[in-house]
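Before I ask anything, here is the structure I am working with.
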Amino acid sequence: MAVAADVEVVDLATTALRDLNQRLHDLDPDAPDPRSWRIVNPNGAHAVACGLDALVDVEIVGHVGYYCAGMNKRATVRVRGNAGTGVAENIMSGSVVVDGNASQSAGATGRGGLVVVHGDAGARCGISMKGVDIVIRGSIGHMSAFMAQRGTLVVCGDAGEALGDSIYEAHLYVRGEVAGLGADCVEKELRDEHMAELRALLERAAIADVAPAEFRRYGSARQLYNFKVDNAY
Amino acid sequence: MCGIVGLFCKNPELEPLLGEYLSAMLVQMDERGPDSAGVAIYRDPASDGWSKLTLYCADPAVDWDAIGGEVLDVRAKHAVVLLEGDADEAEAAIRAAHPGVRVMSAGRVIEIYKEVGRPRAFAGEFRLDDFAGTHGLGHTRMATESRVTTEGSHPFSTGHDLCLVHNGSLSNHNRLRRELRREGIEFQTENDTEVAAGYLTWRLREGDSLETALESCLEALDGFYTFLVGTADGFAVLRDPIACKPAVLAETDDWVAMASEYRAIAVLPGATDAQIWEPEPRVVYAWEKALVA
């Protein structure tokens, strides 16, 4: 495979994971050099490219373990494979894209940025999300968006049981079947501003084959929490 | 925590390498379970009219030839013995005559080896690389509910040629143990997984199929579990409805594998291109020779 000269290739079969992550952490946040990284042979390792805070592009070729790209800030991370538990957990900004499937707790507690999974995501997707945007091309498992506070969860396939249980003000959109809604989560009208929000997110996620009008919107009935709704974002 | 691995050879050419692959998978699960390790190996069926038992004795000076059967293999403090007749009768006879010997497994195909310690040391001590067989299960334990002992290690026998490994913890094991004792099920430890194994033994004894018995666990057991159950012909996987204990399944033309994490599967040939998925909660997944032949 031809590799452009300016792509830094790191082989996790021969490089210690801590050495890789330390090199990524040591980069100049605004002017990282090198800017493009390719990580090969992850073989399910945990915490690959975790805690980044720099304008880098990181491509991981293969399947990763837990917490890949956790706490990501500004970096663009792409996993050419599947991801284990907690991919992009607590993401702050930047984007994390998984070409395959993700396990449970994808994008959990994320405060900003974009998470895209082109396959399915498991249980507890977007649990306690606080501002992240999550787009799933496939389906998600049970207890997703539990206590979701802010941000948007877009699911092009189906959602498992107890979607949006105890939800605050996150926006949920599901194109397929919802096995069941959690406490205080209800279906809501899909208005023009929601279609616009969906269109923009699908475009950012590079998903062109589904239309915003095919989705249904879900959100909080606001019966369970006591914040004054006028104070909501 | 705890780590689970399982490997089923669809292609018979892999069978001589079963132990080597299972060992490599088990070592990957070291951090998930440094307290004890164990495997169940399915190989070399006993002839008609004979049964195969895996025995354990804490005394390293035990004379296995004095047991009365044909000693097939001795590894660390375990011995595999062939005995004439039904496995139940053979097991009862050994318990009566040799109180210091524990029966780890009974049947015609299964062998169970388990010991306190980390998986790499276990794999060396028990020469896991040597094993040829059709399928095998393994477990690395991080103890939560009971003491770290050989008896509290996994796999647990659940009847002839059956065994259970478990990642998770059960909340209602004390009450269930009392109920199962009334049904005549015997327990050797205070371990929660042994209760799940005893529950399966009881359901199977009452005539349930393996699938029905596993499905009834969803009602009977309170707690967290990913189960891997070994049978004479294959293995089965079940996760509790909450499914917070991990499980990954992978399949190629040559093998089916189950593990707590993908990194244990990554050591297998062709893993990168395998079909990989996460088992759904509450669904029994099973592979048997008859199904994949």
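Convention: sequence-line order gives letters A, B, ...; per-chain numbering from 1. Note that these values count all heavy atoms, side chains included, but never hydrogens, waters or copies made by symmetry.
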Please say whether more than 12 non-hydrogen atoms of neighbouring residues, nucleotides or ligands are located less than 6.0 Å from CG in D253(B). no

What part of N43(A) lies closer than 4.5 angstrom to a heavy atom of chain B: side chain, backbone, both or neither? both

Could you tell me whether a side-chain N or O of H63(A) sits under 3.5 Å from a main-chain N or O of Y262(B), the two making a donor and an acceptor? no

Flag the one option from G100(A), S103(A), G65(A) with the top tally of heavy-atom pairs under 4.5 Å to chain B. S103(A)

Proximal component of T85(A), with respect to chain B [non-hydrogen, under 4.5 Å]: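 No part of T85(A) comes within 4.5 Å of chain B.
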
Contact origin within P281(B) toward chain A - heavy atom pairs under 4.5 Å: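 Answer is side chain: those atoms of P281(B) sit under 4.5 Å from chain A.
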
Is I242(B) in contact with chain A via its backbone, its side chain, both, or neither, using a 4.5 Å heavy-atom distance? both

Over 12 foreign heavy atoms within 6.0 Å of CZ, R120(B): no

Flag if over 12 foreign heavy atoms under 6.0 Å of OH, Y285(B): yes

Atom NZ of K130(A): over 12 foreign heavy atoms under 6.0 Å: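 Count over threshold, so yes.
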
Please say whether more than 12 non-hydrogen atoms of neighbouring residues, nucleotides or ligands are located less than 6.0 Å from CD in E177(A).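 12 or below, so no.
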
Looking at side-chain heavy atoms only, is the closest gap between H46(A) and R263(B) below 4.5 Å? yes

C244(B) side chain reached by R124(A) side chain, heavy atoms, under 4.5 Å: yes

State, with a plain yes or no, whether a side-chain heavy atom of E278(B) is found less than 4.5 Å away from one of N101(A).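 No, every pair of side-chain atoms sits at 4.5 Å or beyond.
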
For atom CZ of R216(A), decide whether the heavy atoms of other residues, nucleotides or ligands shown that lie under 6.0 angstrom number more than 12. no

